[in-house]
Amino acid sequence: MQEAELVSLRKQELKKNDRFALLVEEYKTKIYSIVRKMVINHHDADDVVQEVFIKVWTNLDKFKGNSDLFTWIYRIATNESLQFLRKKRKHLWFQDLNSLLTDQVKSDSYLDGDEVQKKLQQAILQLPDKQRMVFHLKYYEELKYEQIAKITDSSIGSLKASYHHATKKIEKYLQSD
Amino acid sequence: MNKDQKHILLKNIPKKDPYQVPKEYFDSLPGRINQRIESLNMKPDPILTFNWKLVGFASAASIALLVALLIGLQQEPGDAVPEDLLADVSTADLIVYLESSEIETHEIMETLDAVNWSQADSVHLMDAQLNKEDLDLLYMRYGVSTD
């Protein structure tokens with residue numbers, strides 16, 4: 001569904017429930033995808049995705065359209081994912097979260113069995129959370145830097161630098177034993 | 001790992017989402033989201049309740065403070081020092097009292113700590129400068145003959 005269509009639905013004065021249902025239908029797969037890549041575990045991803053859409057519901061009437069709907073929802077999703085990881089990290093006293101997530105990638109039954117893909121995911125997990133998020137939005141979601149800048153509230157220049165460094169780190173990891 | 005795998009470049013890796021989704025997950029997701037929203041909407045409004053323990057402690061403390069204040073206010077001031085009391089009485093009033101109370105001279109003297117009187121004190125007394133008229137008056141008053 002195009003952004004314009006969604007906007008026109010608003011103009012048709014659809015009830016909030018109907019608008020929300022359409023939004024969930026439109027964005028559930030994309031939101032799950034980005035969240036899952038960040039939190040790795042399916043059940044954690046499910047929790048975060050639900051939180052994202054509850055926030056969308058709660059703030060839908062307040063959304064004034066000063067940014068596009070897509071940016072707004074993605075921003076909620078990225079913030080919720082990063083917040084989830086922050087909270088999880090706090091609860092792990094002596095464990096490194098990234099190591100834990102790497103172990104989950106190795107053992108996750110829902111992960112594609114391709115060894116190269118697994119190694120790629122492990123490589124990505126070496127990145128700091130925010131850099132990892134930028135990498136996913138650029139590499140997997142194939143968003144433009146302008147869009148990522150609005151979602152993450154960062155400058156385009158810093159995003160380009162971040163992505164460049166991320167790819168170098170990943171390739172270095174992939175080339176290691 | 002063989003040589004080929006050592007030179008893996010990102011651009012050479014097929015771009016695919018490696019994470020599989022459980023079957024029917026997306027079908028059930030909207031329903032579960034709606035259920036959570038409904039449960040949030042159904043939460044009752046917070047009811048203001050008194051913490052009776054806290055109210056009890058506060059009341060007891062207030063009463064104790066009030067009692068302490070009342071006790072403090074009712075307490076009489078300590079006895080004033082006799083010298084301070086006497087200082088408030090004028091000389092004229094003292095003379096009138098002494099005249100009316102029929103106290104003899106020797107009785108007044110007995111109240112004084114004559115033992116501690118030194119020669120110097122006596123000299124001071126002797127040096128008291130009374131004029132002749134005052135002396136005569138004193139003599140007449142106390143029946144002292146000058147002869």
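First the proteins, then the strands, lettered A, B, ... as listed; each starts at 1.
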- prompt: Can you tell if the side chain of A/Phe53 reaches within under 4.5 Å of the side chain of B/Ile37, non-hydrogen atoms only?
  reply: no
query: For A/Lys160, does the NZ atom have more than 12 heavy-atom neighbours from other residues, nucleotides or ligands under 6.0 Å away?
result: no
- request: Taking only Lys NZ, Arg NE, NH1 and NH2, and the carboxylate oxygens of Asp or Glu, determine whether A/Arg36 and B/Asp17 approach each other closer than 4.0 Å.
  value: no
- prompt: Are A/Thr58 and B/Leu40 close enough that some pair of their side-chain heavy atoms sits under 4.5 Å apart?
  reply: no
- prompt: Would you find more than 12 non-hydrogen atoms of other residues, nucleotides or ligands less than 6.0 Å from B/Lys15 atom NZ?
  reply: yes
- prompt: Passes side chain to side chain contact (heavy atoms under 4.5 Å, CB included), B/Ile13 versus A/Leu174? Steps please.
  reply: CA-CA 11 Å; B/Ile13 298 173; A/Leu174 290 171; 3.6 Å; yes
- line: Closest non-hydrogen atoms of A/Gln117 and B/Pro14, given as atom of the first, atom of the second and distance, are NE2-O, 2.8 Å
query: Is there a side-chain contact between A/Trp57 and B/Ile33, using heavy atoms and a 4.5 Å cut-off?
result: no
Minimum side-chain heavy-atom gap B/Arg36-A/Glu51 below 4.5 Å: yes
task: Run the numbers on B/Tyr19 and A/Asn41 for side chain to side chain contact (heavy atoms under 4.5 Å, CB included), then give the verdict.
output: CA-CA 9 Å; B/Tyr19 297 102; A/Asn41 178 271; over 6 Å; no
- request: Measure the acute angle between the ring planes of A/His42 and B/Tyr25, then classify it against the limits of 30° and 60° as parallel, tilted or perpendicular.
  value: perpendicular
query: What's the shortest heavy-atom distance between A/Glu171 and B/Leu10, and which atoms?
result: OE2-N, 3.3 Å
Segment of A/Glu142 engaging chain B (4.5 angstrom heavy-atom cut-off): side chain
query: With a 4.5 angstrom heavy-atom cut-off, which part of A/Phe20 approaches chain B: side chain, backbone, both or neither?
result: side chain
message: Tell me the closest heavy-atom pair linking B/Pro30 and A/Lys28, and the distance in Å.
response: CG-NZ, 4.3 Å
message: At a heavy-atom distance under 4.5 Å, which candidate from A/Thr29, A/Ile170, A/Thr167 has the highest pair count against chain B?
response: A/Thr29
message: Under 4.5 Å from any heavy atom of chain A, what part of B/Leu29 do you find: side chain, backbone, both or neither?
response: side chain
field: Pick from A/Val49, A/Val24, A/Ile54 with the largest number of heavy-atom pairs that fall under 4.5 Å of chain B
entry: A/Ile54
Joint cluster assignment, B/Ile63 & B/Ile71, ILVMFWY side-chain distance < 4.5 Å: yes
